[in-house]
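Naming convention: chains lettered A, B, ... in sequence-line order (proteins, then strands); numbering from 1 in each chain.
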Number of protein chains: 2
Amino acid sequence: MDVKEISEVIKYHRKISGLSRVDCAHLAGLGKTVIYDIEHGKETVQLRSLMKLLAVLNIKIELKSPLMKHYINEKG
Amino acid sequence: MDVKEISEVIKYHRKISGLSRVDCAHLAGLGKTVIYDIEHGKETVQLRSLMKLLAVLNIKIELKSPLMKHYINEKG
DNA sequence: TCCATTTTACTGTTTTAACGGTAAAAGTAA
DNA sequence: TTACTTTTACCGTTAAAACAGTAAAATGGA
């Protein structure tokens, strides 16, 4: 999943939630501009901004790779 | 998965791959400082920097939420 | 042990994103 | 249509990240 698709998922969730960008901005403690940027796939936003927005929309991040099962095993 | 766990996964993958931070920095087209920051869970790094590093380490991002199935359905 | 590599940590400069403000455009409902 | 809300898009200022350089500390192998 690339940044563009992430942005689409976010916009979809916000719309379903009935929130405007300004609503999301306030809920996430961000400016409206960043919400706009994220939803347009801007890659230079801060990771923090993305994480805050994802939290507001109840979206979780997962990482996948051929090595992830080994990581989980070792980590317990 | 929060930023701290993402950082741990990244460090694990880099170690297994036998790469130093400088190696990763060159491969990802980033400075060594950002690799260090990401592996320490710094939330203010750019999303672009994280994505570049994930690509080098062959790690993919997925988003999970109760609404994701609807999104996938509608998107086709 | 010694030697080489890596990692940590800090610094100063340059680059740039975040922010609010504004306004036009687009959408929505009465 | 009108009126209202939202979105798009740009701006200037402010705040802060990216970066390379440096050096000390840690790590690992011979």
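- Overall bending of the helix from dT1(C)-dA30(D) to dA30(C)-dT1(D), expressed as the angle between end axes built from five pairs apiece, is 70° (10° steps).
- Neither side chain, His40(B) nor Ser7(B), offers a donor N or O lying under 3.5 Å from an acceptor on the other.
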5' to 3', nucleotides 20-25 of chain C under a 4.0 Å protein heavy-atom cut-off (B base, S sugar-phosphate only, - none) gives BBB---
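- Remark: Tyr36(A), His40(A), Gln46(A) in residues 34-54 of chain A come within less than 4.0 Å of DNA chain D through at least one heavy atom.
- Counting heavy atoms from C-beta outward, Glu39(A) and Arg21(A) have side chains that approach closer than 4.5 Å.
- Within the 4.5 Å cutoff, the side chain of Leu63(B) has no heavy atoms near those of the Glu62(A) side chain.
- In this structure, the side chains of Ile38(A) and Val3(A) stay at 4.5 Å or more apart for every pair of heavy atoms.
- Of all nucleotides in DNA chain D having an atom under 4.0 Å from a heavy atom of chain B, the first and last in 5' to 3' order are dA17(D) to dT22(D).
- For the pair Gln46(A) and Val45(B), the minimum side-chain heavy-atom distance is 4.5 Å or more.
- In this structure a side-chain-to-backbone donor-acceptor pair under 3.5 Å is missing from Ser17(B) to Leu19(B).
- When side chains are defined from C-beta on, Leu54(B) does not count as touching Lys60(B), because their heavy atoms never get closer than 4.5 Å.
- At whole-Å resolution of the value, NE2 in His26(A) and C1' in dC19(C) are 12 Å apart.
- The interatomic distance linking Lys15(B) (NZ) with dT5(C) (P) rounds to 15 Å, in whole Å.
- For Glu43(A), the salt bridge (Lys or Arg N to Asp or Glu O under 4.0 Å) partners two or more places apart in sequence, or in a different chain, are Arg48(B).
- For His26(B), there are no ring-ring contact (aromatic ring centres under 6.0 Å, His included) partners two or more places apart in sequence or in a different chain.
- Counting heavy atoms from C-beta outward, Leu47(B) and Thr44(A) have side chains that stay 4.5 Å or more apart.
- The backbone N or O of His70(A) sits nowhere less than 3.5 Å from a side-chain atom of Asn73(A) that would complete a donor-acceptor pair.
- At least one side-chain heavy atom of Met68(A) sits less than 4.5 Å from a side-chain heavy atom of Val9(B).
- Counting heavy atoms from C-beta outward, Arg14(A) and Leu53(A) have side chains that stay 4.5 Å or more apart.
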